[in-house]
There are 2 protein chains.
Amino acid sequence: MGEEAASEIQVLDGVEQAPSVYELIREDIISGRLNPNERLKVAELAERYETSTNPVREALQQLRGEGFVVMEPNRGARVMPIDESFVRDIIEIEVLVEPALTRWFVSIANAADIVELEAIQAQIEANNFEDRMKHGLLDTKFHQFIYDRHYNRHAAELWWKHREILRAISRRFPTSLSRRNSVLKEHRDLIEAIRAQDADRAAAVVAAHVQGSGRHIIEQMGVAQRNSGNWRSPRK
Amino acid sequence: MGEEAASEIQVLDGVEQAPSVYELIREDIISGRLNPNERLKVAELAERYETSTNPVREALQQLRGEGFVVMEPNRGARVMPIDESFVRDIIEIEVLVEPALTRWFVSIANAADIVELEAIQAQIEANNFEDRMKHGLLDTKFHQFIYDRHYNRHAAELWWKHREILRAISRRFPTSLSRRNSVLKEHRDLIEAIRAQDADRAAAVVAAHVQGSGRHIIEQMGVAQRNSGNWRSPRK
DNA sequence: AGTGCAAAAAGAATGTACGATCCAAGTCGT
DNA sequence: ACGACTTGGATCGTACATTCTTTTTGCACT
């Protein structure tokens, strides 16, 4: 399960050069082909991506700087292990940042922007979570549309980085029915608040949206843990 | 100007191993020995730190991941250039994050903590900005004391990273008299709010503190620019 | 002689290769 | 059990090939 999707980047316009090792490893982490806490041996990766050890080492260092990889001296690298508190930490930051970004959007959004948002939301509703990959793309597009033009590039990039980490995690779990409904409702509420130029309400909706998303992920993580680990028979 | 001060780290307790190239470069960036936007040539750095190119390349990649260095493909690396909007971006994020961290501190602080904070503040006031380096250390200690025990490590580290970047910048500029007074007053206000268990007021004070610090840095950057660049005689 | 442009050369980054060390873990013998 | 030995792998140094960018050079044309 999971050797497709290398194409996403590959096929763009033909003049594209081969993705760097950095991008490849990053994609493999985010898409789950490399699992959390998995050991990352330089030699293995070099072979896997058909390159030498040097680029791999450099890619790993960069990923360490970005927080996707942890390294212990002389013990090598592994994929950032993610636990519930890690998710909670990120979410807490996003609960602060995203409403602030949203407020700015409310203040600059024009009619065309709202039409665009509604179009994306229509696609999301049409898809109705059937194609998970597609839902992910559309949902990202929805929020990115709101944050992308913000003057604070630093904040927008922080959001993007966190989003990718969360995407890497939630990809592993299903989305509960109730969560699906909440997502749709919150998106609609958000569009409404924006249309009404109500920055406070938009910020509140986004805060709830993020909070809900975090809660959902953490719940799913708990479920998965109980289903896999030492659960069924504690005395085995 | 600038071949002293490599000792800061070197001399610690004798059992310390040599700092990594990564740490050395990072320190040189933060302390201003490497200037913003300065070109970072791998060969030069390798010689400077008496090592080979490989570790330098890796260090640069990691610093890129952390945002201290920017790299363009085939064009090499340079120290992250910092302009006013960059400072503003960081400050805007901190205005969101630091009050949140402070609230938590208010909820867990005990009498001993307040005594400790007051002790640090007393040292700050005793020093009264005379030894700039010392003030920097004490001020960092003051805020770190508040944030360090927060359960959200991710947020605390984000604060720390931003703090170091701001430190790298503000090190270049003097602190105006009015700013000095504000700093002292705000610190005292903060301690008071914490003692009174008034999270809202503590958060407000911190927000103002951060905002003021950012405004001050940006003003100083503007002053420095006008004093250096094409200012005195536009027709020279 | 001065100008513009393109080929050539120089400067660096990037990638490959390989050997030398060093460290942590596991293995084996006592 | 416990300590010496073995081993996998990370880390570092070095050298060299390749590729890209920038600068210089050389030459035709005005």
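These values consider heavy atoms only, across backbone and side chains, with no hydrogens, waters or symmetry-generated copies. Each chain gets a letter, A, B and so on, in the order the sequences are listed, and its residues count up from 1.
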Decide salt bridge (Lys or Arg N to Asp or Glu O under 4.0 Å) for A:Glu44 and A:Arg39; before the verdict, give the C-alpha distance in whole Å, the side-chain angles of both, and the deciding distance to 0.1 Å. CA-CA 10 Å; A:Glu44 268 182 20; A:Arg39 186 82 185 280; over 6 Å; no
Heavy atoms under 4.0 Å, any strand shown: does A:Thr53 hit a base, just sugar-phosphate, or nothing? nothing
Between B:Leu60 (CG) and C:dA12 (P), how many Å, whole number? 15 Å
For atom CD of B:Glu47 and atom C1' of D:dG13, their distance in whole Å: 15 Å
Whole Å only: how far is the CZ atom of B:Arg64 from the P atom of C:dA13? 13 Å
Within this structure, what is the CG-to-P distance between A:Asn54 and D:dA17, rounded to whole angstrom? 17 Å
Give me each pair satisfying ring pair (Phe, Tyr, Trp, His ring centres under 6.0 Å) with a member in residues 68-100 of chain A, each pair once, sequence neighbours excluded. A:Phe86-B:His154
Could you tell me which residues satisfy side-chain contact (heavy atoms from CB on, under 4.5 Å) with A:Glu219, sequence neighbours excluded, listed by chain and number? A:Arg215
Could you tell me whether the side chain of A:Ile217 reaches within less than 4.5 Å of the side chain of A:Leu166, counting heavy atoms only? yes
A:Leu158 side, atom CG; A:Arg163 side, atom CZ - distance, nearest 0.5 Å: 14.0 Å
In plain terms, say whether A:Arg26 and A:Glu164 are close enough for a salt bridge, that is, a side-chain N and a carboxylate O under 4.0 Å apart. yes
Is there a side-chain polar atom (N or O) of B:Thr51 under 4.0 Å from OP1 or OP2 of D:dC12? no
Dump every N/O contact between nucleotides 8-11 of chain D and the protein below 3.5 Å, one line per pair.
{"residue": "D:dG9", "atom": "OP1", "partner": "A:Lys41", "partner atom": "NZ", "Å": "2.7"}
{"residue": "D:dA10", "atom": "OP1", "partner": "A:Val42", "partner atom": "N", "Å": "3.4"}
{"residue": "D:dT11", "atom": "OP1", "partner": "A:Asn74", "partner atom": "N", "Å": "3.4"}
{"residue": "D:dT11", "atom": "OP2", "partner": "A:Arg57", "partner atom": "NH1", "Å": "3.2"}

